[in-house]
Every structure is written in C-alpha cells, then in structure tokens.
Protein chains: 2
Amino acid sequence: MQLSRARIISAAVDLIEREGVEAVSMRRIAALLDCGVMSLYNHVPSKAALLDDVAERVISGIEFTAMPGASWEEQVRAQARAFRAIARKYPRSTMLVVSRPTASLTGLRPIENALATLREAGCGGSEAVLIVRAFIAFIMGSLLREVGVTPGLREDERGGEAIMAAAAPDPAEFPQVTSLATELSRRDPDGDFEFGLDLLVHAIAALLPATPAA
Amino acid sequence: MQLSRARIISAAVDLIEREGVEAVSMRRIAALLDCGVMSLYNHVPSKAALLDDVAERVISGIEFTAMPGASWEEQVRAQARAFRAIARKYPRSTMLVVSRPTASLTGLRPIENALATLREAGCGGSEAVLIVRAFIAFIMGSLLREVGVTPGLREDERGGEAIMAAAAPDPAEFPQVTSLATELSRRDPDGDFEFGLDLLVHAIAALLPATPAA
DNA sequence: ACCTGAACACCGTTCAAGT
DNA sequence: ACCTGAACACCGTTCAAGT
C-alpha cells in the first residue's frame with residue numbers, strides 16, 4: 001500500500017496505544033509500515049509534527065451528537081462527556097492531546113459548539129469564553145488524572161491511587177488523608193467527572209438570566 | 001563540590017527552565033555538573049526517576065501561608081493560587097508536574113490542606129474528596145493551558161492564542177469563534193483562573209450547610 | 001515526486017575497571 | 001562507596017543518490 005501522511009499517523013496512533021508514547025520512534029513506525037525511515041519524511045516534516053498530527057487525529061475523533069430539544073445544561077454535559085470519551089478510546093494518545101497546544105482548526109469545533117450552546121442560553125460573549133475556558137481546564141485536568149496512570153506503564157497499582165501506594169502517610173501530619181484513605185484510594189473516574197460537571201453546571205446556572213428561552 | 005541527588009535535581013530544574021524539558025539529557029546534566037555521565041547513576045536510578053524528582057521538587061516548593069481567621073472560601077482560593085504559583089516560578093518544569101503521577105508524599109500536603117479546610121466548613125468526607133478532585137482537575141488544566149505555549153519553544157504567537165494563529169476559521173462554519181475572535185485571542189491567565197475559581201467556590205457554597213461555623 | 005541507505009551527532013544504560 | 005571510560009543499542013535528521 002502507498003505511503004501517506006494519514007497512514008503514518010494511523011501507525012503512530014496504533015503504536016502509542018499498544019506500547020505508549022515513549023515507544024514511538026520514526027524507525028519503529030517505518031518498520032511497521034515496511035518502509036525506510038527516511039521515506040516518512042516525504043510526508044511528515046518531523047517527529048514533533050507527527051505527534052501534533054496524532055493529537056489532532058484524536059481530537060477530530062470526538063463525536064458530538066446534536067441535541068436540538070435539550071436544555072443547555074444537558075447539552076453542555078453531553079459535549080463535555082463527548083470530549084472526555086477520547087480518553088476511553090485513545091487512553092495513551094490522550095496525554096499528547098493534553099500536552100500539545102493544538103494549533104489547527106479541528107480543535108475549534110468543540111469550542112464553537114460550547115460557545116453556541118452558552119450564547120443560546122443567554123450568556124454574554126466574554127462570559128461564554130470564560131466559561132468555556134473553565135470547562136476546558138476542568139476536562140483537561142480530568143483527562144490527565146484518568147490517563148496519568150497509563151503512560152508511565154507502571155501497572156503496579158491497578159485499583160488504587162498512586163498516592164497511597166508508596167508509604168502510609170504519618171497520621172499526625174496527614175490526619176485528613178489518613179481518615180479518608182478509603183475514599184482517596186477509591187477509583188471512579190466517571191463519578192469524579194460527573195461530580196465536577198455538576199459543580200460547574202450549577203455555578204453557570206447561577207450566572208445566567210433565569211429561563212431565557214422559556 | 002560533591003555530587004548528590006539534590007544537586008543533580010537542581011541542575012535538571014535549571015536546565016529545564018533555561019532550555020525546556022526536551023533539552024534534558026543525562027549527558028547535558030553531567031556536563032553542567034562537571035562529572036562523567038555515569039557518575040549520575042550513583043545518585044539517581046534513571047532519567048525517568050530524575051524527572052519524577054524534578055516534579056516533586058517543584059511541588060514541594062508550593063508555599064501555603066496559613067490563614068487562621070479566614071473563611072473557607074478565602075482559604076480554598078489561597079490554596080488554589082499557591083498551587084498555581086508554581087507555574088509562574090517554574091513554567092517549563094510545570095509540564096512535568098502535570099504529566100507525571102506524583103507517587104511521593106510531598107504531593108499529599110496540598111490535598112491534606114484542602115480536605116481540612118473543607119471538612120472544617122462542614123463538608124462530608126466523601127464529598128470533600130470529590131470537591132478536591134474537581135479543584136485539582138481545574139487547577140491542573142489551567143496550568144496546562146498556561147504552560148502549554150512554553151514547552152514547544154515556539155515563541156511565534158506571543159500575545160495571542162495558538163488557536164487563531166494558523167488560519168482564520170470559516171465564519172459560516174464557526175460563527176461564534178469568528179464573532180468572539182477578540183475575546184478568544186485575549187490572553188489573561190489570571191483572569192481566567194480567578195473566574196473558574198469563582199465558579200467552583202460558588203458551586204461548593206451551594207453544597208455546604210449554611211454558615212456552619214458562625 | 002517519491003523513495004532510500006549511509007552517515008552524523010546525539011541518546012540512556014550496562015559493564016568492568018578503577019579509587 | 002563513589003567515580004568513570006568504553007561500548008551497546010538505540011535515537012532524529014541531513015545529504016546525496018537513486019527511480
């Protein structure tokens with residue numbers, strides 16, 4: 001099959017998901033594609049650019065299902081969940097999305113959608129921008145936490161948090177952490193995400209004019 | 001001067017802040033410390049472990065000033081700001097903090113403080129954990145955005161957002177992004193952070209029992 | 001236009017040898 | 001106990017040569 005930028009990106013994504021970002025090298029990818037290393041450079045300017053492309057590929061995979069009749073709360077939630085879904089689909093590539101600033105247009109789609117939803121709910125322009133930024137920060141941070149275990153490929157603490165793994169903290173110095181150890185080591189990304197989403201949605205509701213479209 | 005783990009970490013932090021994470025190599029650090037590369041391995045097990053140490057060093061630099069009389073709102077805000085302050089002090093090392101799961105005890109200090117503040121405000125245990133997680137997600141995401149420009153060492157879009165840099169988006173496809181272009185390209189990390197902090201603090205206030213310690 | 005091997009200037013880390 | 005040079009198995013990328 002013909003070499004192409006798209007095919008190279010796909011190979012990179014596959015490799016990342018299988019062995020982690022650290023395993024990516026131009027030579028490994030070339031081997032996967034059965035071509036010489038330098039052939040890659042006919043389609044991709046550099047490894048850094050390739051990783052940017054991977055991030056963009058992942059982002060462009062976000063699937064927004066339009067919800068015409070739904071309230072803005074439901075729409076915002078749905079958009080946030082759609083974004084977070086990439087962490088499920090491409091757990092190890094997500095770190096790339098989160099750590100590289102997306103300079104392309106694909107990253108604008110989620111922002112456009114969120115802004116539209118908020119403005120339709122009666123939100124002012126600059127306020128909508130601030131809200132979207134806060135949401136993105138929360139979502140990105142959630143992805144980080146969720147995916148943070150994976151990239152180091154240390155699978156040792158499967159169920160619990162890395163935090164409690166090393167050594168038990170001194171109860172005198174860390175009374176709260178000690179007494180809440182069970183809660184802290186419980187791993188429930190969905191629950192955590194939904195809780196944070198609730199917080200933000202409620203806070204936004206308090207900002208908006210009451211029932212603007214009713 | 002004698003070689004030591006602490007000195008190696010310091011050299012790594014300096015190098016990162018000066019030239020970025022990508023510039024770090026065991027050989028460069030050895031050169032900075034005027035020793036053979038392999039001498040480093042007497043004090044640090046691997047490069048990955050060294051980068052973990054760097055993250056820990058940065059986190060341990062967070063300075064919490066106790067605020068005995070203040071309301072929980074003010075305390076939570078102060079703690080969040082203290083955490084974010086590391087992005088000011090060590091902009092390029094921050095990416096490391098954010099991308100590596102901290103397995104050590106130093107990372108527990110901020111969590112302990114936040115939990116204590118919330119519980120004192122009348123918050124239930126499991127609720128406090130969820131709130132702290134939401135806060136951390138937001139803070140981490142904010143750090144990412146703030147620092148995301150730096151590590152790629154592309155200083156080309158100093159003032160504006162990377163988003164708008166490449167090409168103007170199609171107004172028909174991105175009406176909101178187009179009409180809010182000015183707002184979106186405005187760069188104000190402090191304002192963004194404070195706005196998000198406000199959202200979260202207000203949402204939490206709605207969850208807590210009214211004036212618990214009054 | 002696309003492919004490619006050789007070569008260059010780097011990596012992290014193992015190992016055996018030094019003190 | 002700490003240091004170290006040589007060596008190994010890798011890197012990304014330039015360049016000149018092929019088709």
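Lettering follows sequence order; numbering is per chain, from 1.
- Atom CE of A:Met26 and atom P of D:dC10 are 18 Å apart (whole Å).
- Taking a 4.0 Å limit (strictly below) on heavy-atom distances, residues 32-45 of chain A reaches DNA chain D at A:Val37, A:Met38, A:Tyr41.
- Judged by distance alone, the side chain of B:Arg145 and the main-chain N or O of B:Asp192 form no donor-acceptor pair under 3.5 Å.
- When ring centroids are compared, A:Phe193 and A:Phe138 come within the 6.0 Å threshold.
- In summary, B:Lys47 and B:Asp52 do not engage in a salt bridge, as defined by a charged side-chain N under 4.0 Å from a carboxylate O.
- Under the 4.0 Å criterion applied to side-chain N and carboxylate O atoms, A:Arg77 and A:Glu194 are not assigned as salt-bridge partners.
- Contact between the side-chain N/O atoms of A:Gln2 and the OP1/OP2 oxygens of C:dC2 is not found at any separation under 4.0 Å.
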How does DNA chain D look in dot-bracket notation if pairs are Watson-Crick or G-U with both distances under 3.5 Å, crossing ones as [ ], other-strand ones as |? ||.|||||...|||||.||

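- Salt bridge absent: B:Arg133 and A:Asp188 never bring a charged side-chain N and a carboxylate O closer than 4.0 Å.
- In this structure, B:Ile8 atom CD1 and D:dC3 atom C1' are separated by 12 Å, rounded to whole Å.
- No side-chain donor from either of A:Arg57 and A:Ser93 sits under 3.5 Å from a side-chain acceptor of the other.
- Checked by atom type and distance alone, the side chain of A:Arg5 never pairs as donor or acceptor with a backbone atom of A:Asp53 at under 3.5 Å.
- At least one donor-acceptor pair under 3.5 Å links the side chain of B:Arg7 to the backbone N or O of B:Gln2.
- Rounding to whole angstrom units, CZ of residue A:Arg27 and P of C:dT4 are separated by 15 Å.
- Straight-line distance from the CD atom of A:Glu22 to the C1' atom of C:dC11: 14 Å, rounded to whole Å.
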